[in-house]
Amino acid sequence: YCPNDSRASTLVCAIDGAVSNYHLQVKTNTEAECLVTNGKGKVVGVKLRWRDSGTIETLKAKTYIIAAGAIGSPVILIKSGLTGRSGQVGRNYMYHCGALAAGLFSQPTGGADTFIKQLGFTDLYFGSGDFPHKLGYSQTVPIPGHLSIQENLPVPIPDAIAKFLLKRILAMTGFVEDLPQPENRVEVTNTGAIHLVHKFHPYDIYRSRYYMSQLKKVMRHAGVVFMFGATGDKDDRHTAHQVGTTRFGTDPNTSVLDPYCRLHDHDNVFVVDGGFMPTSLGVSPALTIVANALRVADYIKETC
Ligand SMILES: Cc1cc2nc3c(=O)[nH]c(=O)nc-3n(C[C@H](O)[C@H](O)[C@H](O)COP(=O)(O)OP(=O)(O)OC[C@H]3O[C@@H](n4cnc5c(N)ncnc54)[C@H](O)[C@@H]3O)c2cc1C
């Protein structure tokens with residue numbers, strides 16, 4: 001959370017203004033449970049549950065917009081029985097098969113405070129001459145604090161050494177556009193819990209390994225003293241960059257949303273978050289999600 005509003009968050013750019021000027025009501029500590037349909041292709045209500053009391057309230061509107069993220073939105077659709085003709089709701093769950101190289105240098109790198117995300121390159125976006133496969137871009141990533149370094153080393157080290165190391169580390173990540181696979185999915189169990197199923201395709205892992213080797217090469221050229229690398233496939237707890245679970249398209253038999261992110265079979269419902277993407281991109285997803293949301297908002301304003 002940005003302490004001085006410099007970062008253009010949704011709260012600063014949209015929500016505060018909409019509350020003051022357009023009568024937006026924000027209900028915190030409240031979850032959307034499911035949508036209610038009339039059985040004739042229209043949604044006629046949304047059930048909200050107050051977390052504290054468990055009270056359920058149904059709100060009614062002309063148009064409904066779900067923006068609960070690539071995990072939350074398919075869950076709401078599944079609980080509502082709005083799974084459409086495609087069978088793709090919750091499927092094609094993706095989150096980048098990234099690669100990482102972290103190096104220790106003899107000089108301070110600024111990696112923990114100055115160059116947190118500022119260094120990057122797109123040279124390998126489409127692969128390279130000897131590796132003609134789509135990858136994605138590369139950038140420096142924040143170095144975790146000294147406590148995290150201590151936690152992850154095989155031997156205990158004092159605070160002062162951890163802080164000394166912290167100043168001399170630089171980490172770079174490479175994004176690898178992972179493939180959409182229907183078996184990778186968000187499910188709702190019989191008890192209503194969310195269950196995620198995900199396994200990277202061998203082609204994703206192949207490209208991630210190549211990217212790691214290239215990042216290490218960059219580190220070597222920069223004079224690294226010691227380094228280690230990691231590939232995305234080992235990161236089974238990764239939860240950033242989720243996309244793909246309500247993919248858009250023109251054919252209701254193969255996609256969940258139409259090109260304006262409207263549910264194919266219920267024309268007064270839009271899903272506007274990372275779920276619409278049919279592929280995972282070779283860049284971080286947030287700006288594309290925002291750009292698409294603005295595009296869809298214009299459409300809703302004109303047509304609904
Ligand atoms: C640690 C981390 C670092 C990241 N760094 C970057 C970065 O540097 N650049 C970048 O481009 N992207 C980054 N991302 C990814 C980016 O944050 C996401 O891709 C983006 O926020 C997804 O937007 P969204 O609208 O799809 O969903 P979200 O931003 O997740 O919004 C969904 C909202 O819906 C709410 N919700 C879910 N279910 C319900 C429900 N049933 N009822 C009511 N509300 C519900 C959630 O609480 C959440 O507030 C990062 C993500 C993480 C986790």
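Predicted, not measured: the structure shown is a model, and the values here were computed from it. In listed order, ligands and their atoms are each counted from 1.
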Q. Considering all heavy atoms of both residues, which atom of M219 and which atom of L170 are nearest to each other, and what is their separation?
A. CE-O, 3.3 Å
Q) Cut-off 3.5 Å, side chains only: do H241 and S280 have a donor facing an acceptor? A) no
Would you mind listing each N/O atom of ligand 1 next to any protein N/O under 3.5 Å, plus the distance?
| from | atom 1 | to | atom 2 | distance (Å) |
| --- | --- | --- | --- | --- |
| ligand 1 | 8 (O) | K117 | NZ | 2.4 |
| ligand 1 | 11 (O) | A286 | N | 2.9 |
| ligand 1 | 26 (O) | G274 | N | 2.8 |
| ligand 1 | 41 (N) | A32 | O | 3.0 |
| ligand 1 | 42 (N) | A32 | N | 2.9 |

Of all residues at least two apart in sequence or in a different chain, which pass the ring-ring contact (aromatic ring centres under 6.0 Å, His included) check with [X]?
X: F270; result: none
X: H195; result: none
X: F121; result: none

Q: Report the relative orientation of the aromatic rings in H198 and Y93; use parallel for angles under 30°, tilted for 30 to 60°, perpendicular for over 60°.
A: perpendicular
